[in-house]
Structure formats: C-alpha cells, structure tokens
Amino acid sequence: MDRTFSISQYPDVKAVTNQLDRLIQLPIYSIKPEVLKRYEEEYFAVKCARSKEMIDEAVDIIPGGVQHNLAFNHPFPLVFTKAEGAYLYDIDGNRYYDFLQAGGPTVLGSNPVEVREKVIELLNNCGPSTGLFHEYEYKLGRKIADSIESVDMFRMLGSGTEACMAAIRVARLATKHKNIIKMGGAYHGWSDQLAYGIRIPGSKWTQAHGVPRYVFKHTQEFFPNDLNDLERKLRFNKLRGGTAAVMIEPVGPESGTRLVDYEFNKGVEQLCRKYGALLIFDEVVTAFRIGMSGAQGYYGVSPDLTVFGKVVAGGYPAAGGLGGKREYMKYLGAGIGGGGKKAMVGGTMAANPLSCVAGYYTLCEIERTGAIEKSGQMADRLVAGLQQLIAKYNLPFVAFNQGSICHLETVGTMHFAINWAKPWQIPHVLKETSKRKREMEHMGAAYMAEGIVTLAGSRMYTSGAYTNEMIDDALIRFDRVFANVAELQGQQ
C-alpha cells in the first residue's frame, strides 16, 4: 500500500489558529476600490466581453446565470471553453492558471490525455451507460479497496452528496441508533439532514433554507478540534437512544479551513469506539489527494465508512461512492433478491461505464506518475511564496496548506463561529461574515483579472501538472494584487 502523502509537514495548528483569530479582529484589508474598478473596466468589460454577453443571456434561463456554486465571479461569471493541464481558457481566449481544479478532483491536472483516450475507447465500444454491470465497476472498486485499508467493499453512487446520504442510512441500520453528530462547519453535501451546521460552526439550521426544522431532530454538531465537546454530545445521546455515527472531514471543516490537531482524528475514533458510534470519514476532497491511502492513511485511523467523490470519476460526472468495512457495507447490497434490511440507494447513472473507466485510469495514473507528492510540493512552493508576499506588504493575510489543499485567508469569513450561549453576539457575526464575504469576491475578481482562478478567492488546489516555473509566475501575479491591497475605510 502506497504511503506517499502530499503533506510534507503538518501545519502548526495553534499558530495558524492564532493568526486567523487575529485576522477577524482586524479591519478588513482588500483590493483598493479604485483598482477593483479598473479591473472591472479594463479587464472584464474589454477582455471578457463574450463571457458577459453569454451570461447576460443565461440569467434569463438559469437562476443566477450559472449552474454551479463555484462558478460565480465578480463582476460576472466567465465562460470557460478549454481545460488542459494547469490551464483554463475562457471563451474570449484568455488563459488562466487553474487553482480551482474543478473543486478538487483533477489531481493529475485537467483533461489528461492518458485518461481521455481510455474514455474515448469506452465510448466507441460501449457508450456511456447501459444500466447493466460493466467490468470497470469491479476494477474501480478493486483499485479503491486495494489502496485504502479500511475499505473492504465499495458502492459507486452519483455524487458525494448521495454517498453522505447513504452513509448515515447505513449507520442507522447497523447501529439501530438515530442520532448523527457532524463536525460544525463541515460540508457533507446538500441533503436535508446534513445541511446543518455548515460553513461556520454553530450555524445549526440557519443556512438550510427550505428545509423544515424538524428534519434536524436527530442531527447535531460539535465544535471542530474539540474532543470534549464531542464527548459531551455522545454522552448526552447515550441516555437518549445512542449515536449512529460521527461524521467528519479529517483535515477539518471546509477542506481544512479550520485546522484540526494531528491527533484529533485518532481521538474521534477512540470516542466512537467508546460510545458505539460508527466513524464516517468524508474523504470527497482528501481521498487520492492527500495520499493513495487517503487522509485516513496519513492520520493512521480506520473509519467504519468512507465517503468518496470528485476524483473517483477522474473529473468526469457521477463522482461519488461509499466504501467501508464488510459488516456495514452489507446493508448496501443491490439487486431484487437477497434477505435482510437494506439501505435504499440508487441512481440510473451511478457506476456508469464512463465514470468507472475514467476513475480507474485516473487512480492508476495518479499512482504511476507520483502526482500526489508532486502536487504537494507545488502547494508548498505556492504557500511559501504567498507567505513571503504577505510579509513583504505587511498584510494580515494567512496562508497555509495541508498537502495540495491551499488556503489564502484575506478576511477570515469562515473563521467566525456562532455561540448560542451568547445570542447578543450573533448579529455582529452575521454582519461581519456578510461584509467579509463580499471582499472575498472582490479579491477573487482581482486574482481572476491577473489570470488566476481560485475557489471563492480563498482556497486553491494544485495538481501534478504544475511546474516550479508556473508557480513562480503565479506568485508574480499575486504580487501585483497584493501591491494594491489596503485597509478599507468605514468598514468597522
């Protein structure tokens, strides 16, 4: 089993947390309004005219003008027509460094020819879907099980959201308990029961518009990196029907936006064993990005169930799945026959041949090329360069990474938390996060105008397609943005 990881050195959790604590206490620093206006007029209006024309038409058909939450950009979304390696190209012909990486799945870089050729061959011979069994369903499942020690069996699904839904159903069937405790601020898809405590810890149901509050009767959250808080919840539940599962993102909520101690995952595992709850690792982002053996291989933890997404279809659609120990995965048996209670899951396009062949060859290529370790090296170089630029311009920004998952916090929007024991503080938190989110968008627009695509202006993923020269060129572009950052007046 491959024990090569993209994390070369674990972040100093206490130091980074202290920096983020300080960031949200300080005035907002962002791109100067006059510079933002210049980007809007000289770059977006002139060099992205065809994108604007298409988006102006799209808003009549598509709510908000885009189909994906990550596609929004100030002052308007751009239309991308080509993806290749470390680059993206928009409809106007502008080229960008791709640090979005489709939200994380393209560890090899975008549209690698080695995978594309296998997909084309599959399409020529079989087509994308038959609704019947295909050999690559087995090959992909076998590859994942061989790579990740806790996975005895694997069931392909249509998305990470679906896999999270399946995981809590399996946990409830297996334990005969109802309560699910999730890490506050973590994102486990958009299903009703898990749209709880997302984005910022303590948010409870407040972000789940359109979901009746009674749906969350058996969903709880605990504060990230706080094992005492988790044990309090587990102890409370023990007297009230028990806990079916504890569900976490192993690197911390929102792909490690709020860091956790290295020993934290081990502590969660021990508490799950103590209180009879299943441990569910959401490795939608981390599996095959942190290592071939997942984040669980890095932390030395053996979760009962593991949620997969993104990379398991190699950047192609229908990327999701659930893996785990045999005694729990038996509740996912498909087919008309067979005895015993089964979790109801499905999806016409789940485990389609196209997704499975793409996923299988992507994982093989990631392993063959050493893309995980290389992407981590590129991230280390990027973050070290960003930290030098932050010092150069004496900015309060915070840059850190866990392997190839990079964070550049300029306003600290995701570092706030809601404390329901002090309700008088909640209006301030809501006001601050709203203001700071707007400046995240402005910073993201500045990066975009300099040829850098990020995730919401605060997160970046690197891939095996990057080179030292590319990273250094990207840092020159970041330098141009940081040189035009100032404290915003009248924001406090």
Do Y97 and Y87 have ring centroids that are under 6.0 Å from one another?
-> yes
Is the ring centre of F400 less than 6.0 Å from the ring centre of Y10?
-> no
Will you find, in the side chains of [X] and [Y], an N or O donor that is under 3.5 Å from an N or O acceptor?
| X | Y | answer |
| --- | --- | --- |
| T4 | E373 | no |
| T286 | E283 | yes |
| K82 | S110 | no |
| Q402 | H407 | yes |
| S8 | Q377 | no |
| N237 | Q220 | yes |

[X] atom [atom1], neighbour heavy-atom count above 12 within 6.0 Å:
| X | atom1 | value |
| --- | --- | --- |
| E53 | CD | no |
| R172 | CZ | yes |
| K437 | NZ | no |

Hey, what do you get for CE (M329) to CG (D304), rounding to the nearest 0.5 Å?
-> 12.0 Å
OG1 of T306 to CD1 of I144: how many Å apart, nearest 0.5 Å?
-> 10.5 Å
Pair listing, ring pair (Phe, Tyr, Trp, His ring centres under 6.0 Å) test, anchored in residues 359-379, at least two apart = Y136-Y360, Y136-Y361
With no hydrogens and no angle check, is any side-chain donor or acceptor of [X] less than 3.5 Å from a backbone partner on [Y]?
| X | Y | answer |
| --- | --- | --- |
| D90 | N94 | yes |
| D92 | S51 | yes |
| K118 | A358 | no |

May I ask you to say whether K143 pairs ionically with E367, meaning some side-chain N is under 4.0 Å from a carboxylate O?
-> yes
Is the closest basic N to carboxylate O distance between K139 and D146 below 4.0 Å?
-> no
C126: partners by side-chain contact (heavy atoms from CB on, under 4.5 Å), with sequence neighbours left out | L122, T130, H134, P353
